[in-house]
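The block underneath contains the structure these notes are about, expressed in structure tokens.
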2 protein chains.
Amino acid sequence: MPADENALPEAGLCNGTALRKATRRVSQLYDAVLAPCGLRSTQRSLLIHIARAGAPSMGELAAALVLDRSALAHNLKPLERDGLVQVVVDPRDRRGRLVELTALGKAMLEESLGLWQDAQARFEAAFGPEQARSLRAALAMIASPAFTAAFERA
Amino acid sequence: MPADENALPEAGLCNGTALRKATRRVSQLYDAVLAPCGLRSTQRSLLIHIARAGAPSMGELAAALVLDRSALAHNLKPLERDGLVQVVVDPRDRRGRLVELTALGKAMLEESLGLWQDAQARFEAAFGPEQARSLRAALAMIASPAFTAAFERA
DNA sequence: CTCATTTAGGTGCATATGCTACTATCGGTC
DNA sequence: GACCGATAGTAGCATATGCACCTAAATGAG
């Protein structure tokens, strides 16, 4: 038998690689459905989180999105340029900024709802609603601070 | 009750958002563990796939990674610059390129093995080995062409 | 053989993501 | 009230990812 008989048994075993592949695929599928409204899934996700939180600070928003602060700042720029969000200085702490949706941002979000529901329904149909719920729970657990703590403790 | 009583029920329900959050977290955790060897998890994944396939074409490699061809080309550049991989014209079809690991690339991959195993073991400890296996299976299913077909058929 | 078509990649642009270093502001201490 | 450490964001650089468009090469119709 060849020397590399058991070489690279790790292919397909890496949790990070499996996550990235699935994420790229799903991003592409969702983005294709969302395309008509002009929002990508990343941008819509950002707008949703802002809407949910009202007027969060950069730090709060970054934590909610499991996103680096600087990455959030970068991601906000095109949205700010296009008038979907505005960032204002927090009057109670002038170091901080509050991120808000503009009227246009709210309108775009509303307009995209139907398309998102379509993509989501297709996903559930292809993957199973129960399986999807369970997958989201697993992913949320992984994204949680508790998981990071357990990972670092191990 | 306020008008937005049932506003944005979709927060936390988007499969794409859940995937992206978990992927960012896991990338960060794995990258921190891999840091000493100078490879990021994305790059290591790329090298592993090349090693597995021997000398794949760009198209084959992109498909295996669920990655756009142009993204693959971009991702290869730093690795080529640093002498970990080389891209040569396919003699049997001069349109195509074959991607190969250099001796240095193989050495880096081998050197990173222990660190990857450490990260992987931590993940399994935090998430459960069975749950991890099952999660990877679900993610592989989502990344597969069959899933895309089912998504588009729905 | 010649040309249109198809196929494999490459390029340029835009967004996505994170690190490091820097700036501004707040809060507590003396 | 001036300093000092901690905290919130920003700026610059590098990689990651994808789209639209372009080039080169193989391939098939005639």
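Because the structure is predicted, anything quoted here is derived from the model rather than measured. Chain letters run A, B, ... following the sequence lines, proteins first and then strands; every chain starts at 1.
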Using the salt bridge (charged side-chain N to carboxylate O under 4.0 Å, His left out) rule, take B/E130 and B/R133 through it: C-alpha gap first, then chi angles, then the decisive distance, then the call.
CA-CA 5 Å; B/E130 272 317 311; B/R133 190 192 325 282; 3.0 Å; yes
Before giving the answer on salt bridge (charged side-chain N to carboxylate O under 4.0 Å, His left out), spell out for A/E60 and A/R52 the whole-Å C-alpha distance, their side-chain angles and the decisive distance to 0.1 Å.
CA-CA 12 Å; A/E60 286 165 355; A/R52 275 280 277 196; over 6 Å; no
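Side-chain atoms of A/L76 and A/V99, non-hydrogen and from C-beta on, do get closer than 4.5 Å to each other. For the pair A/S45 and A/T42, the minimum side-chain heavy-atom distance is 4.5 Å or more.
For the contact set between residues 144-154 of chain A and DNA chain D, defined by any heavy atom under 4.0 Å, there are no members. Contacts between residues 72-93 of chain A and DNA chain D, counted as heavy-atom distances below 4.0 Å, involve A/A73, A/H74. Scanning residues 23-40 of chain A for heavy-atom distances under 4.0 Å to DNA chain D yields A/R24, A/Q28.
Straight-line distance from the CD atom of B/Q43 to the C1' atom of C/dG18: 13 Å, rounded to whole Å. Atom pair B/L65:CG and D/dT17:C1' shows a separation of 12 Å (rounding to whole Å applied). Taking atom CG of A/L67 as the reference point, atom P of C/dA16 lies 10 Å away to the nearest angstrom. In this structure, CZ of B/R20 is placed 12 Å from P of C/dG18, rounded to the nearest angstrom. Rounded to whole Å, atom C1' of C/dA8 lies 13 Å from atom CG of B/D68. Between the CG atom of A/L98 and the P atom of C/dT25 there is a distance of 15 Å, given to the nearest Å.
Taken to the nearest 0.5 Å, the CG atom of B/L13 stands 10.5 Å off from the CD atom of A/Q117.
Remark: A/R69 is not in phosphate contact with C/dG18, judged by side-chain N or O atoms under 4.0 Å from OP1 or OP2. The phosphate of C/dG9 has OP1 or OP2 within less than 4.0 Å of a side-chain N or O from B/S57.
Between B/R94 and B/D90 there is no salt bridge, since none of the side-chain N atoms of the basic residue sits less than 4.0 Å from a carboxylate O of the acidic one.
When the nucleotides D/dG9, C/dG10, D/dG18 are ranked by their closest atom to the side chain of B/M58, C/dG10 comes out on top. Checked against C/dT17, C/dA8, D/dG9, the side chain of B/R95 finds its nearest nucleotide in C/dA8. For A/S70, counting side-chain heavy atoms from C-beta on, the closest listed nucleotide (D/dA11, D/dA8, D/dG18) is D/dA11. For B/T42, taking side-chain heavy atoms from C-beta onward, the closest of the listed nucleotides D/dA16, C/dG18, C/dT11 is D/dA16.
Not a single donor-acceptor contact under 3.5 angstrom links the side-chain atoms of A/R94 to the base of C/dT25.
There is a side-chain donor-acceptor pair under 3.5 Å between A/R44 and A/S112.
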